[in-house]
Structures are given as C-alpha cells and as structure tokens.
Amino acid sequence: MDLYIPIIVLGVLAFAFAAGSVAMASMTGPKRWNRARLDAYECGIEPTPQPVGGGRFPVKYYLTAMLFIVFDIEIIFLYPWAVAFDHLGIFGLVEMVIFILTVLVAYAYIWRRGGLEWD
C-alpha cells in the first residue's frame, strides 16, 4: 500500500486545486450578466441559427473524426514498437507492417468516400 500513497496524494492535490480554482473564480469573478454574455460565441461572428432539436451533420465530419482516432491509435502503437525494435526482430517488423496496412485500408476507405474533400 505504501507504493500507492504518492499517487493518492497527487490525485487529492489535483482535485483540491481544480475545486479551489473553480470556487475562487466564482467568488472573485464579475457577475454582470447581459444578453451578449449569455449568447453563443463563434469566433467573433454572428452565430448560425440551429434547429430546436439540434442540426444534422454530414457523415464527412464523423469519418474525419474516426480517421484522426485511427491515426492516434497508430501513433500510440508505433512509439513502443520503435523503442523495442531491436528486441523484436523480424517478427516485430512483419507485425507492424500488417498493422500499418490495416491503417492504410481505413485511410483509403475514407479517401474513396470523400471524407477528405471539403467543398
């Protein structure tokens, strides 16, 4: 149990800092509410009106998001593989080539579906 004490202390300190920051901001911050402050903010331009139940987004947004997730996962697996490359030998090389080919299949699918074209 002694090994977990620093981790628990760090978690408690992080929670205390987050809760204290939110509490201090609510106590010391200005409380002048007006219509402009309560409106949605979109980079300084007038916000586009949205339907009551929310709007529908094109599938391209989801395909692009999935592509980013796929490449993030690829990077997560490439770092440990690159560190242990000398110890893995030819088996590790073949496994990583198969893994990269499966990622390229996902990339080709999104490319063919037009997920990378923004008209």
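Since we're looking at a predicted model, the values are computed, not measured. Start at 1 with the first residue, then count along the sequence.
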inquiry  = Exactly one of Val97, Val105, Ile98 should register a side chain to side chain contact (heavy atoms under 4.5 Å, CB included) with Leu101. Which one does?
reply    = Val97
ask   = Do Met1 and Ile8 have side chains that get closer than 4.5 Å, going by heavy atoms?
value = yes
query = Are the side chains of Leu78 and Met96 in touch, meaning some heavy atoms are under 4.5 Å apart?
reply =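 Yes, their side chains come closer than 4.5 Å.
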task = Please state whether the rings of Trp81 and Phe85 are parallel, tilted or perpendicular, taking 30° and 60° as the class boundaries.
result =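 Geometry flag for Phe85 against Trp81: perpendicular rings.
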To the nearest 0.5 Å, how far apart are [atom1] in [X] and [atom2] in [Y]?
X	Y	atom1	atom2	answer
Leu10	Ile5	CG	CD1	13.5 Å
Ile73	Ile75	CD1	CD1	11.5 Å
Thr102	Tyr107	OG1	OH	15.5 Å

message = Is there a path of hydrophobic side-chain contacts, each under 4.5 Å between heavy atoms of I/L/V/M/F/W/Y residues, joining Ile100 to Ile90?
response =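 Yes, Ile90 and Ile100 fall within the same hydrophobic cluster.
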task = Could you tell me which non-hydrogen atom of Leu3 sits nearest to which non-hydrogen atom of Ile7, and how far apart they are?
result = O-CD1, 4.5 Å
inquiry  = Is it true that, when you exclude Phe77 itself, more than 12 heavy atoms of the residues, nucleotides or ligands shown sit nearer than 6.0 Å to its CZ?
reply    =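 Incorrect, the count does not exceed 12.
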